Amino acid sequence: MKKIQMVDLQSQYRKIKTEIDAAIIDVIEQANFINGPEVGEFRSDLEKYLNVKHVIPCANGTDALQIALMALGLKPGDEVITPSFTYIATTEVIALLHLVPVFVDVLPDTFCIDPSKIEEAITPKTKAIVPVHLYGQCADMDAILEIAKKHQLAVIEDTAQAIGATYTHKDGTVSKAGTMGDVGCTSFFPSKNLGCYGDGGAMYTNDAHLAATLKKIANHGQVIKYHHEVVGCNSRLDTIQAAILKIKLKDLDNYCAARQKVAAYYDAAFESVKQITIPARNPKSSHVFHQYTVKLEGVDRTALVNYLTEHGIPSMVYYPLPAHKQGMFKAFGKENQDLPITNLLTTQVLSFPIHTEMEVAQLEYITKHIIHFINTNA
Ligand SMILES: *Cc1c(COP(=O)(O)O)cnc(C)c1O
């Protein structure tokens, strides 16, 4: 059996090595390292895949979120509603821009922001909502978009974990994750569902004016070279990464399907284990399983993690410390905010290995050990 990893990027690479190696060498031969033709080609392939009018590539997912907030013209002191139960980048950029993060609790089953708790968090200073499509399925976007419309708030989707997921609206229309709000922000970090071989990210929007602003901010605030209209930053997807992503995008749906197969295996194995709650599916969203995350009850999580580690099985807690308790947000004084679901989930969740190259023998080995530990220790 192959060594078990949370993500197996080597095995994935070996399957596409010939095409990838040729594409990388071609960029080097052409010496088109910055803004080479592959960047535009990948951008347009991704626009088609997502059925969105504008994709603006950038340097990473964190930049995408930051540039989106900048493009919407938010002013220092404006409030941005977001979950605390997320990767730090979502909330970090809010504070970085001197905006105020307002944390709203998540749903206990899907782990995404609880729309029923958004309105009570809205004040005259609220300007935007940043839902996170956590672990690979969409937040309840119909409800979120309705609230945003009623209160004239911008919506920035953090879709770093959900590229490829689809959401079926009330009226039956289907959208790709990240194309429903004003701006969608994604990451091509190597371990993401569509990962490059370094850092990368993108923003999506259907609004031409917003697209132009996002592009300008990502390019030092300039449209005409050396004429800098607004304060921007340097955030580019380099050509080698774009060339790699262009190849991997063709496989994205297969990658998602492979992850869903792994999830189905875990689901079936854990079905009758009462200490494990398998990931709930939002009926309106597909789930592309960036993570396979269960809730544990009546199990010593640390002891389970240690037992699995001893047997060569990695597992991870995403995320052990919610944003509102992080030192970086001390100035906002939110560490004692009552977010009961978020606080409980940080003690219950555990993510198991899931990727495109998992073998049945590995899944058998992993689930056998998890179940054995629970049966003998719970
Ligand atoms: C990965 C991730 C980001 C940040 O992406 P980077 O490319 O690492 O900057 C933001 N939000 C979420 C939810 C993520 O998982």
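Every number for a ligand or one of its atoms is a count from 1 in the order of the listing. Only a predicted model underlies this, so the values are computations on that prediction, with no experimental measurement involved. The figures that follow rest on heavy atoms only: side chains count, while hydrogens, waters and symmetry mates do not.
Lys170 has a carboxylate O that lies under 4.0 Å from a charged side-chain N of Glu146, or vice versa, which qualifies the two as a salt bridge. Here Lys2 does not pair with Glu357 in a salt bridge; the nearest charged N to carboxylate O distance is not below 4.0 Å.
Within the listing of ligand 1, atoms 7 (O), 9 (O) sit less than 4.0 angstrom from a heavy atom of Asn60.
Nearest protein neighbour of atom 15 (O) of ligand 1, counting heavy atoms only, is Gln161 NE2, 2.8 Å. From the protein, the heavy atom lying nearest to atom 9 (O) of ligand 1 is Thr62 OG1, 2.5 Å. From the protein, the heavy atom lying nearest to atom 13 (C) of ligand 1 is Asp158 OD2, 3.4 Å.
Residue Ala160 has no N or O atom closer than 3.5 Å to an N or O atom of ligand 1. In terms of N/O distances under 3.5 Å, ligand 1 is approached by Ser187.
Thr342 and His324 share no donor-acceptor pair across their side chains, judged by distance under 3.5 Å alone.
Cation-pi geometry between Lys176 and Tyr49 is met: the NZ or CZ atom falls under 6.0 Å from the ring centre, inside 45° of the normal.
None of Asp63, Thr62, Asn219 except one satisfies the side-chain hydrogen bond (donor to acceptor under 3.5 Å, both in side chains) rule with Ser235; the exception is Asp63.
When heavy-atom distances to ligand 1 are checked against a 4.0 Å cut-off, Lys192 comes that close only through its side chain, counted from C-beta outward.
Between Ile163 and Tyr204, the closest side-chain pair of non-hydrogen atoms falls below 4.5 Å.
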